[in-house]
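So you know, we letter chains A, B, ... as the sequences are listed, proteins then strands, and number each from 1. As the structure is a computational prediction, the values presented were derived from the model and not from experiment.
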Amino acid sequence: MILVTEDDFSVDDVLKKIRNERTGAVVSFVGVVREEDRGRKVRKMEMEAYKDMAVGELSNLREKAMKKFGLEEIAIIHRVGSFSPGDNIVLIAVAAGHRKEAFAGAEYLIDEMKKIVPLWKKEIFEDGEIWVEGGH
Amino acid sequence: MILVTEDDFSVDDVLKKIRNERTGAVVSFVGVVREEDRGRKVRKMEMEAYKDMAVGELSNLREKAMKKFGLEEIAIIHRVGSFSPGDNIVLIAVAAGHRKEAFAGAEYLIDEMKKIVPLWKKEIFEDGEIWVEGGH
Amino acid sequence: MKIKVKFFASYREIAGRSEAVLDLTDGSSLGILLEDLKGRYPKLGSLTDSIIASVNKRYAKEDLVLKDGDEVALLPPVSGG
Amino acid sequence: MKIKVKFFASYREIAGRSEAVLDLTDGSSLGILLEDLKGRYPKLGSLTDSIIASVNKRYAKEDLVLKDGDEVALLPPVSGG
């Protein structure tokens, strides 16, 4: 399941969808808008995507991770639009037979996503705004 | 939040409780009863705890991980009772400022839990049963 | 002195009970209690591994001296998660 | 030939638009298109970093030869997640 959407997600719903009878471990990562980033107070965060390409890149990444770590299923939901501190931005959920693969797969996915998927984050502070460059 | 309970859990509810304004990453691990273990078909799984001691050991582990990885909050829910393949057994959820600590903390918690917390798993197959020894 | 003993998982099945109360000489150590239990429950005695135990819900070593009212638990290798 | 160009994030703000359609000589490469765009939008031209771009939703190198109807996108360093 790959989604680039304005809508929020339920982790429970996603986990239900990706589990199967071989699943022993499900690892999920939720990225959240922090109130503060590098010492500056965040008022708003905007997330922009080249949507069709982002879905394509995420699908490729999913295929790659499935094979590399022998996973059972992967879901990635990345939100776009305007957000406030505390809002969910991204969900990566990985179902695997055992926990080591599930952890390794989830961490790989978020690391790679931040390098290659056409998504851009703008942080709006009290006193200005910046386009964040490079995942951190 | 540390719980040793017969009841199932909602990941969404737990994540809501552990997030705060400094949270940028939430990593969760759900352990699930697999249909098959080491080539044998699992019919039932029983989980037994020395409940008071398990809660104490999990609380110590929580404190240790909070400090070691500089985490914001941790929830651990371990179920006990009789389970079928597909049932949830355990939830570990970690909220942190950034993803590296959240992943490292969650993996540390599940690894340590399997070594020291007084919880025991019995697998019941078509043709026999065993007490599992040592987390795997 | 009276010591409450709890048996868990495979040890519970081996001992055929989940709890017992033992009357021990004052000043006895956890090691002495474990020897006593191995005598009472021969199947426990036939275990080749040393038995891990807790006293009042904390892992304890065999040289720990017990006191009246302590709760000792016999803990097989754990397998949570 | 007509090439559709999409500008994202900081490049969208720098170019002052999110889309443009350019008429290029047949056989032009992605590199030639990028030079053309830097001429039209001087603030893009003043960027010291090389511009990453995609053609038809895949990352592409500057020597890729474009064809009529291609969709090119200018992609600032990504920062998802």
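Atom CZ of B:R40 has more than 12 neighbouring heavy atoms from other residues, nucleotides or ligands inside a 6.0 Å radius. When the shell of 6.0 Å around CD1 of C:I52 is examined, it contains 12 or fewer heavy atoms from other residues, nucleotides or ligands.
Contact annotation for B:E57: only side-chain heavy atoms (C-beta onward) come within less than 4.5 Å of a heavy atom of chain C. B:A54 does not touch chain C: none of its heavy atoms, backbone or side chain, sits under 4.5 Å away.
Salt bridge annotation for C:R12-B:E48: present, with a cationic side-chain nitrogen under 4.0 angstrom from a carboxylate oxygen.
Side-chain contact between C:E13 and B:K122: present, with at least one pair of heavy atoms (C-beta onward) separated by less than 4.5 Å. Within the 4.5 Å cutoff, the side chain of C:V78 has no heavy atoms near those of the B:K121 side chain. Residues B:P118 and C:F8 form no side-chain contact, since every pair of their non-hydrogen atoms from C-beta on lies 4.5 Å or further apart.
Panel note: side chain B:W120, backbone C:S10; no donor-acceptor pair is recorded below 3.5 Å. With hydrogens and angles disregarded, a donor-acceptor distance shorter than 3.5 Å links the side chain of C:Y59 to the backbone of B:I116. Although no hydrogens or angles enter the test, the distance criterion places a donor-acceptor pair under 3.5 Å between the side chain of B:H78 and the main chain of C:G81.
C:S79 OG to B:K114 NZ: the interatomic distance, rounded to the nearest 0.5 Å, is 8.0 Å. Rounded to the nearest 0.5 Å, atoms CG (B:L119) and CG (C:L75) are 10.5 Å apart.
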